[in-house]
2 protein chains.
Amino acid sequence: MFAVTADLVVLTIRSDRLCVLLVRRGEEPYRDEWALPGGFVRPDEDLDAAAARELAEETGLAVGTVHLEQLGSYGAPGRDPRQRVVTVAYLALAPDLPAPEAGTDAAFAEWVAVGAVGSLAFDHEVILGDGVERARAKLEYTPLATAFCGAEFTVAELRRVYELVWGKELDPRNFHRKVTGAADLLVPTGTTTTRDGGRPARLYRRGAAVALHPPMPRSG
Amino acid sequence: MFAVTADLVVLTIRSDRLCVLLVRRGEEPYRDEWALPGGFVRPDEDLDAAAARELAEETGLAVGTVHLEQLGSYGAPGRDPRQRVVTVAYLALAPDLPAPEAGTDAAFAEWVAVGAVGSLAFDHEVILGDGVERARAKLEYTPLATAFCGAEFTVAELRRVYELVWGKELDPRNFHRKVTGAADLLVPTGTTTTRDGGRPARLYRRGAAVALHPPMPRSG
DNA sequence: ACAAAAGTGTTGGTTTTACACCCATGG
DNA sequence: CCATGGGTGTAAAACCAACACTTTTGT
């Protein structure tokens with residue numbers, strides 16, 4: 001008999017950094033240490049539903065606004081000192097959330113830059129690493145980068161997502177051609193913005209594309 | 001409290017078909033129906049270890065000979081009528097196994113062509129579908145196709161793997177150039193074979209490559 | 001000699017890359 | 001007018017698909 005938890009790697013981009021949502025644990029074990037948000041799967045709840053519920057509880061965001069997918073399961077004996085626990089980890093990608101969490105279930109949730117994360121409770125460092133790696137890989141051949149942007153965004157904002165997640169600069173001109181040329185990736189809204197300075201940039205919404213053909217070249 | 005099982009999608013290529021290992025269930029529920037092999041994770045056993053153990057019990061193959069990776073977890077309430085069960089599914093890719101299983105734990109294991117699989121116990125049809133889809137996708141950008149081949153294989157045998165898994169013919173000339181040109185993918189043994197007829201083909205072993213750059217084009 | 005399969009060369013078209021250049025706004 | 005970023009054009013290089021052609025075996 002095992003306990004089963006759903007833990008979340010929630011990534012977003014805040015102030016030009018790739019950040020992950022962490023909570024301070026209020027209970028033993030690992031009291032007062034940083035951990036990924038999550039909690040026990042309820043007896044009559046599907047795994048995906050548990051992850052979506054935890055996500056809503058921690059961030060206030062409903063699925064539909066954020067991308068949520070299963071990442072993998074972790075169940076080494078002894079990873080929780082109390083009892084045998086199997087964690088089903090989920091990866092969530094969210095746009096920059098306007099309000100920090102307050103008054104919700106997890107009053108101590110905080111966004112932490114991925115590069116600045118120290119040691120975490122349980123095996124959560126491994127899970128975080130796997131989540132970041134998954135995100136990096138999926139940007140290459142899926143339209144997932146748009147999940148980090150708001151409902152309307154410019155090509156430059158989308159490019160910044162790639163640059164921050166990959167830690168690599170991309171040519172703005174070629175990037176522009178690539179994403180505007182990909183079928184069903186971007187839907188122009190017809191409006192423009194000057195929030196990035198310079199010449200007004202066209203605004204886009206996510207299109208219906210489920211894959212990116214051809215993929216975004218990563219290493220060249 | 002949940003029961004946790006490790007179930008296996010074991011794929012191989014037999015008599016020019018992509019096949020999956022299935023077992024006849026000997027117990028309720030779903031007695032006498034086809035199911036994926038698998039079993040309960042033991043109280044002091046890691047998930048990966050449980051999958052490796054089940055694989056050895058069902059096929060007699062040790063890890064190292066076969067590729068084994070976690071596929072995903074399935075835990076809808078009611079997927080097992082008796083109790084709440086979460087299954088951690090694993091995907092295994094094996095070369096054609098010389099001996100059919102006999103005298104082992106699962107005397108009723110059989111290889112079934114993936115296209116000829118009917119309905120399966122539990123949600124195993126879904127799991128099988130996800131496993132096949134994963135295998136198809138990974139052939140594109142990893143050296144995983146070599147996991148279907150024996151220790152030594154020809155370029156044509158490797159190409160046949162792609163053709164069977166993808167259900168699509170590939171140009172032998174361009175395929176040859178591609179795989180022999182990919183860095184660290186193939187290590188020539190220096191020997192040749194005529195087992196495919198015609199001019200002798202060079203034999204290769206798997207190289208150290210962990211990715212396929214550039215990827216094998218699938219749809220073109 | 002012939003069939004069959006391995007392997008190499010060539011060619012034309014597409015994609016990528018790097019960069020020059022123009023456009024539209026705020027200050 | 002100038003700085004800043006948005007967006008287009010273009011030429012060299014790399015890549016890919018298609019297929020002609022040569023090599024090496026078994027029969």
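In the text below, chain A, chain B and the rest are named by the order of the sequence lines, each starting its count at 1.
In this view, B:Thr189 and B:Thr191 satisfy the side chain to side chain donor-acceptor pair (under 3.5 Å) rule, not counting sequence neighbours. Every residue two or more places apart in sequence or in another chain was checked for a salt bridge (Lys or Arg N to Asp or Glu O under 4.0 Å) with A:Asp48, and none qualifies.
The interatomic distance linking B:Leu170 (CG) with D:dC19 (C1') rounds to 16 Å, in whole Å. A:Glu157 has its CD atom 11 Å from the P atom of D:dG7, to the nearest Å. In this structure, the CD atom of A:Glu169 is 14 Å from the C1' atom of D:dG5, given to the nearest Å. Atom NE2 in A:His213 sits roughly 19 Å away from atom P in C:dT14 (whole-Å rounding). One atom, CG of B:Leu212, and another, C1' of D:dC15, lie 15 Å apart when rounded to the nearest Å. As rounded to whole Å, 14 Å separates atom P of D:dG7 from atom CG of A:Asp171. Rounded to a whole Å, the CZ atom of A:Arg218 is 18 Å from the C1' atom of C:dT16.
When every heavy atom of A:Leu8 is checked against every heavy atom of A:Leu68, the shortest pair comes out as CD2-CD1, 4.1 Å.
Between A:Phe122 and A:His124, the ring planes are tilted. Angles from 30° to 60° get that label. Aromatic ring orientation, B:Phe175 versus B:Tyr162: perpendicular (interplanar angle above 60°, classes split at 30° and 60°).
The main-chain N or O of B:Lys138 is found under 3.5 Å from a side-chain atom of B:Thr142 such that the two form a donor-acceptor pair.
For residues 179-196 of chain B, the set of pairs meeting the salt bridge (Lys or Arg N to Asp or Glu O under 4.0 Å) definition, not counting sequence neighbours, comprises B:Glu157-B:Arg195.
Contacts between residues 172-180 of chain B and DNA chain C, defined by a heavy-atom separation below 4.0 Å, involve B:Arg173, B:His176, B:Arg177, listed by number. Within residues 185-206 of chain B, the residues having any heavy atom closer than 4.0 Å to DNA chain C are, in order of number, B:Asp196, B:Gly197, B:Gly198, B:Arg199, B:Pro200, B:Ala201, B:Arg202.
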Hey, can you pull the donor-acceptor pairs under 3.5 Å for the side chains in residues 199-211 of chain B, sequence neighbours left out?
unit_1, atom_1, unit_2, atom_2, d
B:Arg205, NH1, B:Glu152, OE2, 2.8
B:Arg206, NH1, B:Thr146, O, 2.3

